[in-house]
Amino acid sequence: MTAAAGEQLDSPVPPGTGWPDDPATAATPVAGDPAAVRRLAATAGTLAELTARQSVCRACPRLVEWREQVAREKRRSFATERYWGRPIPGWGADRPRILIVGLAPAAHGGNRTGRVFTGDRSGDVLYASLWRTGLAAQETSTTAGDGQRLLGARMVAAVRCAPPQNKPSVAERDTCAPWLTAEFAQVAGDLRAIVCLGHFAWQATWSLLAAAGLELPRPRPAFGHGAEALVPRNDGETLLVIGCYHPSQQNTFTGRVTGVMLDDVFRRARLHAGM
């Protein structure tokens with residue numbers, strides 16, 4: 001969101017002040033420590049309430065300090081823009097067939113725009129692939145409120161706040177995990193495939209599925225691009241877990257992952273999900 005000449009806009013964005021797609025209000029309860037995360041994640045009665053609570057979490061002091069510092073200081077190229085500067089909630093279909101799991105928001109991407117994988121080059125590559133494979137309504141995702149929609153898919157980050165050097169600590173990962181566990185429980189009914197963008201997301205997904213009480217393969221599959229495992233669901237169906245190299249600038253610039261490689265993963269996920 002860009003400020004008009006002379007206009008002062010708060011960064012980070014206070015909840016309930018008109019940011020597009022902001023799920024929270026001033027009355028949304030705020031988790032201030034790991035115990036509160038566990039309690040508020042477990043007691044959110046709806047997906048909407050869960051994402052609202054995710055979006056105002058303040059349980060990890062280092063991440064709160066960093067995300068808000070970035071939002072105040074800004075990158076020079078975004079100096080006139082208002083930064084979201086809060087945790088990035090899950091986004092997409094309420095009843096997805098495919099769940100896409102990433103690591104954490106980028107400091108000047110999701111932390112700026114308020115939507116996961118939006119406003120940075122990794123997102124440009126990712127959403128172009130989702131559009132080509134019929135999982136996104138538009139080829140680009142630039143900011144919240146731009147008309148983009150995910151089609152039969154939902155996107156989440158294992159850690160909801162932008163971390164320094166893009167490296168959350170183990171304690172921060174574990175503190176954030178109940179948000180992911182609760183979101184999985186809310187959307188699991190129709191879910192048939194999980195795409196893990198990178199090794200961190202792969203590890204977080206296996207922890208998530210174990211917490212959900214599902215029977216995991218032994219030994220646990222090693223991460224790799226296109227690595228697959230089938231997890232039995234409680235209804236007799238199977239959940240496909242598939243690995244995908246992260247569409248980071250380093251990976252895309254070096255050719256470690258290409259648009260075709262991403263397309264292949266998402267088409268495989270669509271096929272298993274019956275889409």
Side-chain angles (χ1 to χ4, degrees), residues 1-4 7-25 28 48 50-58 63-93 100-131 135-151 153-166 168 176 179 183 197-198 201 246-249 252:
M1 182 181 292
T2 303
E7 184 180 14
Q8 296 296 316
L9 296 175
D10 291 337
S11 292
V13 175
T17 55
W19 187 273
D21 301 328
D22 185 350
T25 70
T28 300
L50 178 65
T51 57
R53 294 178 180 189
Q54 291 171 356
S55 77
V56 295
C57 183
R58 301 184 65 83
L63 298 187
V64 172
E65 180 181 6
W66 174 251
R67 80 191 190 208
E68 295 186 354
Q69 177 185 334
V70 170
R72 289 190 303 269
E73 296 178 355
K74 308 180 182 181
R75 179 177 284 172
R76 180 176 297 179
S77 55
F78 303 127
T80 62
E81 294 195 21
R82 190 182 193 187
Y83 272 56
W84 170 257
R86 286 164 42 198
I88 307 301
W91 178 76
I100 302 163
V101 182
L103 192 168
H108 301 281
N111 190 57
R112 173 175 60 90
T113 65
R115 182 194 292 160
V116 63
F117 277 109
T118 294
D120 58 32
R121 290 185 178 178
S122 295
D124 293 344
V125 174
L126 177 60
Y127 280 100
S129 177
L130 293 172
W131 177 73
L135 295 174
Q138 299 177 175
E139 189 174 5
T140 61
S141 182
T142 56
T143 189
D146 62 0
Q148 178 64 284
R149 292 178 298 116
L150 293 182
L151 307 175
R154 187 170 186 86
M155 196 178 296
V156 298
V159 173
R160 305 299 167 120
C161 295
Q165 289 81 51
N166 205 34
C176 207
W179 294 129
E183 190 159 357
L197 300 177
H246 193 285
S248 65
Q249 288 190 56
T252 56

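Just so it is clear, the structure is predicted and the values come from calculations on it, not from any experiment.
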Practice item. Grab the two heavy atoms, one from Trp84 and one from Thr113, that are nearest each other, plus how far apart they are. Key: CB-C, 4.3 Å
**Study point:** Tyr127 side chain near Met155 side chain, heavy-atom distance below 4.5 Å
**Key:** yes
Check your understanding: What's the shortest heavy-atom distance between Arg154 and Ala93, and which atoms?
Key -> NH1-O, 3.2 Å
Review point. Roughly how far, to the nearest 0.5 Å, is the OG atom of Ser11 from the CZ atom of Arg82?
Key: 6.5 Å
Practice item. Report the distance from atom CG of Asp124 to atom OG1 of Thr118, rounding to the nearest 0.5 Å. Key: 9.0 Å
Practice item. Mind listing the closest non-hydrogen atom pair of Val116 and Ala157 along with its distance? Key: CG2-CB, 4.5 Å
**Study point:** Pairwise side-chain contact, Thr28 with Pro15, heavy-atom cut-off 4.5 Å (strictly under)
**Key:** no
Check your understanding: Would you say the side chain of Glu81 lies within less than 4.5 Å of the side chain of His108, judging by non-hydrogen atoms?
Key -> no
Practice item. Indicate the atoms forming the closest heavy-atom contact of Trp66 with Ala107, along with that distance. Key: NE1-CB, 4.3 Å
Point to revise | Within 6.0 Å of CD in Gln249, more than 12 heavy atoms from elsewhere | key: yes
Revision key, fill the gap. Value for CZ (Arg67) from OH (Tyr83), rounded to nearest 0.5 Å, stands at 15.0 Å
Check your understanding: CD of Gln138 to CG of Asp146: how many Å apart, nearest 0.5 Å?
Key -> 5.5 Å
Exercise for review: For the residue pair Leu197 and Phe117, establish whether any side-chain heavy-atom pair is separated by less than 4.5 Å.
Suggested key: yes
**Study point:** Short side-chain to backbone donor-acceptor contact, Arg112 and Gly119, under 3.5 Å
**Key:** yes
Check your understanding: Under the side-chain contact (heavy atoms from CB on, under 4.5 Å) criterion, do Trp19 and Arg86 qualify, and how do the steps go?
Key -> CA-CA 12 Å; Trp19 187 273; Arg86 286 164 42 198; 5.8 Å; no
Review point. At what distance, to the nearest 0.5 angstrom, does NZ of Lys74 lie from CD of Gln69?
Key: 14.0 Å
Exercise for review: Taking the side chain as every heavy atom from C-beta outward, state whether Cys57 and Arg160 have any atom pair closer than 4.5 Å.
Suggested key: no
Review point. Of all heavy-atom pairs between Pro168 and Leu103, which one has the smallest distance, and what is that distance?
Key: CD-CD2, 3.7 Å
Check your understanding: Can you name the closest pair of heavy atoms from Pro87 and Ser55 and give their distance?
Key -> CD-O, 3.3 Å
Point to revise | Inter-residue atom distance Thr252.OG1 - Leu126.CG, 0.5 Å rounding | key: 11.0 Å
